[in-house]
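My structure is below; once you've seen it, I'll send some questions.
First listed ligand is number 1; within each ligand, the first listed atom is number 1.
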Amino acid sequence: MLFGTHKIVNNQLTVGNVSYSEIGKKFKTPLYVYDQKLIEKCMKEYIEQFKSAMFKTKVLYASKAFSCLAMYELCNKHGLGVDVVSLGELYTALKAKTEPSKIYFHGNNKSIEGLTLAIESQIGCIVLDNEYELENIKKITKRLNKGINIMLRLNPGIDVHTHDYIQTANFTSKFGVSTYNDQKVFSLIKEIDREKLLIFKGVHCHIGSQIFAGNSFSKAAYTMLSFIKKINSETKIKVSELNLGGGFGIYYTEEDDPESTESIVQNLITNVEKYLTDNEIKIDSLVIEPGRSIVGNAGVSLYKIGAKKNTFGGKNYLFVNGGMSDNIRPALYQAKYECAVVNKMKAELEVRTIAGQCCESGDVLINNCQVAKSEIGDYLVVFSTGAYGYSMSSNYNRITKPGVVFVDDGKVKEVIKAQSLEDLIKNDILLGDNL
Ligand SMILES: *Cc1c(COP(=O)(O)O)cnc(C)c1O
């Protein structure tokens, strides 16, 4: 399926009025190519449609989906806050001049360096995962004599239909504190509230990723709201903010039938408003954290076809000059994708398996797909790799990481340079005399 500014012009696939063949010839492949207009459209949709008359709303971009200076610049431009999950993401967001108060810091084992930078720079909120982290935060705030807002990550125990690796709120998940351990939650909140330098803001949950069932989000919202009610009555401490995380599913293949952003966020708002009214409780703000649904469909991976192989066993391969090093998702959780040969958009199709160049039999990007009959040297795009593509890429086999470009209105803007061979050995140290 073609998203955003994609068009087919004389057999050629274009994005932002530039043909992929042209981009492929100008830049080193593989290359991640983003449709800047589509990223911005997704951002604007969330900002415009996630609104309520009863409480404030905030949209945070979950930057682990795809993080770089230019991405944070786009968030800043469109008024999204950002959520970060590591020292590195926090550092990058700050370097892109993201307003610190708009940064939320997540993670189940945040480093002392990360927590220190967060508190020093006075970010908007640390989302607390466990009691050990609370001890660290207490020490750092005292040492720096600086306060910080805290939200508590809860695990509302919602089973969602997605891959096990991206479920985050079942009873065995490593994230947050279970709402079933309610006494533990109350005592943590009371402890935060007692600390002079800590301000308890509210509670957070994130039930998983690539979720389609709208009722999973409603269930999470109801569970969290009824738990807020319990917190109110047990502790008398105000819960001003509810953060429901991200996880909104997107289209990868015909098997996926995502709801529109509008319908997802309006359902959420309606459900939360209704619960608040029916139960006579109040919150000041509701927060969501979409990641995948902002960048997923806007990005593609552009490869060059290097060889073909028809095996004795009957599987017919097309080899591209990348693979699991730039897209681990098929190997990690059997993720499925669609692809196209960008200079043969109207050619006859054949069945091929798109495999990478890594030394693993599992290095397959797409199994048995219909793809144009192609020639060596043609360019192929795998669609919708904008989320968790670059951000999960590695140097496996010492393959250099691809670059990233944003395409917009005929312009191709480089936002991350491809790694060079020098980059690869930059941190290596020869044993030399110690050999
Ligand atoms: C990963 C994550 C998100 C975003 O998930 P998507 O599926 O990319 O929307 C949001 N919040 C938290 C805490 C996360 O860990």
Original post:
Strictly by modelled atom types, are Ser178 and Asn181 linked by a side-chain donor-acceptor pair under 3.5 Å?
Top reply: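 Not at all, the side chains of Ser178 and Asn181 share no donor-acceptor pair under 3.5 Å.
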Original post:
Salt bridge between Glu255 and Lys336, side-chain N to carboxylate O under 4.0 Å?
Top reply: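 A salt bridge links Glu255 with Lys336.
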**OP:** Considering only NZ, NE, NH1 and NH2 on the basic side and carboxylate oxygens on the acidic side, decide whether Glu135 and Lys139 come within less than 4.0 Å.
**Re:**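 Salt bridge absent between Glu135 and Lys139.
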Subject >> Residue shell around ligand 1, heavy atom under 4.0 angstrom >> reply: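 Ala62, Lys64, Asp83, His106, Arg153, His204, His206, Ser209, Gly246, Gly247, Glu289, Pro290, Gly291, Arg292, Tyr388.
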Subject >> Sequence-distant partners of Glu99, salt bridge (Lys or Arg N to Asp or Glu O under 4.0 Å), two or more places apart >> reply: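 Glu99: no salt bridge (Lys or Arg N to Asp or Glu O under 4.0 Å) contacts found.
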Original post:
Between Thr385 and Tyr390, does any side-chain donor sit less than 3.5 Å from a side-chain acceptor?
Top reply: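 Distance-only check fails for Thr385 and Tyr390.
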Original post:
Is Glu73 salt-bridged to Lys97, cutoff N-O under 4.0 Å?
Top reply: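 Looking at Glu73 and Lys97, the cut-off is not met.
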